[in-house]
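Side chains are part of it too, since the values below use all heavy atoms of this structure and drop only hydrogens, waters and symmetry mates. As the structure is a prediction and not an experimental result, all values here were calculated from the model. Every chain is numbered from 1, with letters handed out A, B, ... down the list of sequences.
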Amino acid sequence: MTLRLFNTLTSQVEELAPVDGNELRMYACGPTVYDYGHIGNFRTFLQVDVLRRFLKLQGIAPRHVMNITDVDDKIIRNAAAAGVPIGEYTPRFENAFFEDLDALSVEKPEVIARATENIPSMVELIEDLAKQDYAYKTEDGSWYFRIAKFPEYGKLSKKDFSGITDGARVDVDEYDKDSARDFALWKAPKPGEYHWETSLGPGRPGWHIECSAMATKFLGDGLDLHAGGEDLMFPHHENEIAQSESASHKCFARHWFHVRFLLVEGRKMSKSEGNFYTLRDLLLKGYKASAIRMLLISVPYRQQLNFTFDGLAAETGAVERLRTFRDRVRSAQAGTETNPELADETARCRRNFFEALSNDLNTAEARAAIFDLVRAGNAAIDAKKLGAENVTQMLDLLSQFDAVFAVLEDNDARWTKFALDWAARENRLDQVSPELLAQNALGDEEIQALVDKRTAAKRARNFALADQIRNELAEKGVLIEDSKDGVRWKRK
RNA sequence: GCACCGGUGGCGAAGUGGCUAACGCGCUGGUCUGCAAAACCAGUAUUCGCGGGUUCGAUCCCCGCCCGGUGCUCCA
């Protein structure tokens with residue numbers, strides 16, 4: 001079953017397949033490492049992760065390049081404010097970014113490309129463009145791309161620039177550009193600003209050139225796929241196309257994948273709205289990494305997802321139910337006789353699961369198919385109508401589901417602990433929710449001692465004491481579950 | 001302002017010109033339990049932002065309005 005995916009360039013759903021062989025060459029715009037990533041950033045990275053995981057499940061090997069923008073205006077500004085060189089400022093946020101991806105079970109791309117490590121490739125590309133008269137140098141020593149020479153400009157974002165008159169919006173510093181629309185390839189340094197000495201003159205790369213240069217360097221021309229957030233469509237990706245195709249006179253990327261922005265509690269996420277959250281903010285509020293992943297991938301990438309705390313709590317329960325179901329299937333008493341209805345239902349769910357993801361990565365439907373399996377499987381287990389073959393089939397489908405959704409392995413406690421340790425190091429413990437703090441203050445042994453005390457009280461039929469202990473633990477975020485095989489407890 | 005996208009039950013959402021409008025959470029009832037919790041089962045939108053229109057028939061197509069979002073400028 002081939003993946004049919006919307007292509008921004010053609011505005012159509014098209015089959016996505018490697019142009020040659022089994023390797024899909026994809027480039028996805030990575031972060032600018034000047035701060036911690038927020039959930040909006042991660043929705044995009046998560047959706048790209050779903051894409052690459054599904055490709056792998058289909059036997060296609062992604063060769064995925066992600067850039068790290070480790071030099072730009074904000075980095076220069078923030079590093080200067082912190083009084084350190086940019087090379088000392090960015091690693092902290094780059095590391096944090098990869099820790100966050102890890103917490104969200106995002107697979108690492110095959111190639112990580114840092115802008116500052118690829119300056120020569122960018123210089124080469126700009127020189128090539130200059131040779132072909134697509135690039136020109138201005139009085140201050142900056143280089144610009146001449147949009148007038150690239151008639152296809154606007155083909156990705158479907159903008160018509162023919163009627164745009166120049167001079168509408170001109171930066172004071174950029175008065176000598178040929179056209180107001182022309183964008184910077186290379187920026188001359190302001191006094192005292194960090195720069196590279198190159199054949200272009202001193203300066204640093206413009207925002208767009210790094211992606212053009214590094215994509216071609218690591219993947220060659222004619223990428224199978226190029227991905228990013230919807231905001232990057234214009235101007236960033238449009239400019240990448242202009243640079244790359246002007247230089248090579250070949251197609252830069254065949255398929256463009258853009259992930260829609262999310263809303264938070266029905267509003268645009270922004271610092272001024274007070275609804276701006278980093279991953280770490282959420283972990284410190286006590287939300288689980290798996291629930292955050294589940295919520296961010298459950299709404300298809302082209303839909304506007306409304307991120308709410310109610311939704312996040314709901315996903316916590318949903319993930320829990322899936323995990324419980326898998327454990328239940330694993331330890332179920334299966335007979336030798338296969339339940340044919342269940343086998344049919346499992347096959348139907350599998351078909352729906354693959355069909356949904358193949359249909360422009362409809363994660364909502366794919367997920368629904370798995371919950372259909374959960375219901376059918378649970379009913380069969382309750383009715384004791386379950387064969388060994390049914391168990392194998394269901395576990396197999398669950399593992400395929402998890403190859404894409406990656407929420408069944410429970411590493412949540414580890415990541416919560418990670419966030420708490422980080423908060424302690426960074427003096428951010430005031431951002432931790434009181435409940436999580438209380439929960440964390442109790443050691444495992446301490447909890448176990450209380451649980452044992454309650455069990456003893458129960459045995460002695462002293463239910464008042466037993467219930468009191470249970471309530472105390474509940475207030476501190478520890479839940480007790482009595483079961484046939486003894487008493488279990490867990491941190492909420 | 002111009003362009004594009006969306007508005008489906010308490011919440012998050014899928015979907016389709018006509019079969020009972022998926023799925024998750026929640027809620028209600030049941031099984032289990034000393035009581036709970038957990039788990040499981042069952043029920044839970046005469047209806048798809050509002051007003052028109054096209055059609056034998058519209059939540060799905062067209063027009064207008066209201067609301068939200070995105071782009072036009074840094075942003076995942």
Can you check nucleotides 3-6 of chain B for protein contacts, nitrogen or oxygen pairs under 3.5 Å, and list what you find?
| unit_1 | atom_1 | unit_2 | atom_2 | d |
| --- | --- | --- | --- | --- |
| C5(B) | O2' | R260(A) | NH1 | 3.0 |
| C5(B) | O2 | R260(A) | NH2 | 3.3 |

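- If you take atom P in A42(B) and the same atom in G24(B), they sit 11 Å apart, rounded to whole Å.
- Distance noted for atom P between C63(B) and U70(B): 24 Å (whole Å).
- The residue F234(A) sits close only to the backbone: its heavy atoms come under 4.0 Å of sugar-phosphate atoms, none of a base.
- Considering only side-chain atoms of D231(A), the nucleotide from G12(B), A39(B), C75(B) that sits closest is C75(B).
- Nucleotides C75(B) and G6(B) place their P atoms 25 Å apart, quoted to the nearest Å.
- Stacking of the aromatic ring of F371(A) onto the base of G24(B) is not found under the criterion of centres within 5.5 Å and planes under 30°.
- Between the P atoms of C61(B) and C5(B), the separation comes to 11 Å (whole Å).
- Spacing between atom CG of L279(A) and atom P of A76(B) amounts to 16 Å, rounded to whole angstrom units.
- Put simply, CG on N78(A) is 17 Å from P on C74(B), counting in whole angstrom units.
- Without hydrogens or angle criteria, D402(A) side chain to S399(A) main chain gives no donor-acceptor distance under 3.5 Å.
- Of the side-chain N and O atoms in K159(A), none sit less than 4.0 angstrom from OP1 or OP2 of G71(B).
- The shortest side-chain heavy-atom distance between K490(A) and I480(A) does not fall under the 4.5 Å cut-off.
- Side-chain atoms of E14(A) do not come within 3.5 Å of backbone N or O of N7(A) as any donor-acceptor pair.
- Counting only Watson-Crick and G-U wobble pairs whose two key distances fall under 3.5 Å, RNA chain B forms stems of three or more stacked pairs at B:1-7 with B:66-72, B:10-12 with B:23-25, B:26-31 with B:39-44, B:49-53 with B:61-65.
- Interface remark: the R470(A) side chain does form a donor-acceptor pair with the A36(B) base, using a distance-only criterion of under 3.5 Å.
- Between the CG atom of L465(A) and the P atom of G34(B) there is a distance of 18 Å, given to the nearest Å.
- Between the base of A22(B) and the side chain of D372(A) there is no donor-acceptor pair shorter than 3.5 Å.
- For the P atoms, the distance from G34(B) to C25(B) is 27 Å, rounded to whole Å.
- Contact annotation: R375(A) does not reach the phosphate of C41(B) (side-chain N/O to OP1 or OP2, under 4.0 Å).
- Among the nucleotides A14(B), A37(B), C75(B), the one closest to any side-chain atom of E365(A) is A14(B).
- Atom CG of N41(A) and atom P of C74(B) are 17 Å apart (whole Å).
- Residue contacts shown for H38(A) include a base, since a base heavy atom lies under 4.0 Å away.
- Distances shown here put a side-chain N or O of R321(A) below 4.0 Å from the OP1 or OP2 atom of C25(B).
- In this structure, the side chain of R260(A) does not engage the main chain of L305(A) through any donor-acceptor pair within 3.5 Å.
- Between K268(A) atom NZ and C74(B) atom C1' the separation is 11 Å, expressed in whole Å.
- For N378(A) (side chain) and V374(A) (main-chain N/O), a donor-acceptor pair under 3.5 Å exists by modelled atom type.
- Residue L479(A) is out of contact with every strand shown, counting any heavy-atom pair closer than 4.0 Å.
- For the pair Q47(A) (side chain) and L296(A) (backbone), a donor-acceptor distance under 3.5 Å is present.
- Ring centers of F54(A) and F405(A): at least 6.0 Å apart, outside the cut-off.
- Comparing C23(B), A76(B), A36(B) by their nearest atom to the side chain of Y34(A) picks out A76(B).
- Residue R367(A) places its side chain closer to G12(B) than to any other of G68(B), C25(B), G12(B).
- Distance M233(A) CE to C72(B) C1': 11 Å, rounded to the nearest Å.
- Residue G311(A) is classed as having no contact, given no heavy-atom separation below 4.0 Å to the nucleic acid.
- Between A14(B) and G9(B), the two P atoms lie 12 Å apart (nearest whole Å).
- Every residue two or more places apart in sequence or in another chain that forms a ring pair (Phe, Tyr, Trp, His ring centres under 6.0 Å) with H258(A) is listed here: H237(A).
- In this pair, Y153(A) and F234(A) present their aromatic rings perpendicular. The plane angle is above 60°, beyond the 30 to 60° band.
- What separates CD1 of I381(A) from C1' of U31(B) is a distance of 16 Å, to the nearest Å.
- Side-chain N/O atoms of D467(A) and base N/O atoms of G34(B) include a donor-acceptor pair closer than 3.5 Å.
- By the 4.5 Å heavy-atom criterion applied to side chains, F325(A) and M394(A) are counted as neighbours.
- With RNA chain B read from its 5' end, the first of the two nearest nucleotides for E481(A) and A368(A) is the one closest to A368(A).
- As rounded to the nearest Å, G51(B) and G26(B) have C1' atoms that lie 33 Å from one another.
- With D49(A) contributing its side chain and E107(A) its backbone, the two residues share a donor-acceptor pair below 3.5 Å.
- Among G71(B), G24(B), C74(B), the nucleotide with an atom closest to any side-chain atom of W207(A) is C74(B).
- At the heavy-atom level, F261(A) lies under 4.0 Å from base atoms of the strands shown.
- As judged by a 4.0 angstrom heavy-atom cut-off over every strand, L305(A) is placed among residues touching the sugar-phosphate backbone only.
- Closest approach to the D482(A) side chain among A36(B), C75(B), C25(B) is made by A36(B) (side chain taken as heavy atoms from C-beta onward).
- For L263(A), whose side chain is taken as the heavy atoms from C-beta onward, the closest listed nucleotide among G34(B), A76(B), G69(B) is G69(B).
- As judged by a 4.0 angstrom heavy-atom cut-off over every strand, P300(A) is placed among residues touching the sugar-phosphate backbone only.
- At distances below 3.5 Å, at least one donor-acceptor pair connects side-chain atoms of E238(A) with backbone N or O atoms of K155(A).
- When distances are taken from the side chain of A314(A) to each of C25(B), G12(B), C11(B), the shortest belongs to C25(B).
- Here the straight-line distance linking atom CZ of R4(A) with atom CD of E355(A) works out to 6.0 Å at 0.5 Å rounding.
- The nearest heavy atom of RNA chain B to I480(A) and to L295(A) marks one nucleotide each, and the one closer to the 5' end goes with L295(A).
- The distance between atom CG of L322(A) and atom P of A39(B), rounded to the nearest whole Å, is 11 Å.
- Here D444(A) pairs with R491(A) in a salt bridge; the nearest charged N to carboxylate O distance falls below 4.0 Å.
- Backbone-only engagement by N362(A) is indicated by non-hydrogen atom pairs under 4.0 Å involving sugar-phosphate atoms exclusively.
- With A39(B), C23(B), C72(B) as the choices, the nucleotide that has an atom nearest any side-chain atom of R328(A) turns out to be A39(B).
- Rounded to whole Å, the C1' atom of U47(B) lies 15 Å from the corresponding atom of G7(B).
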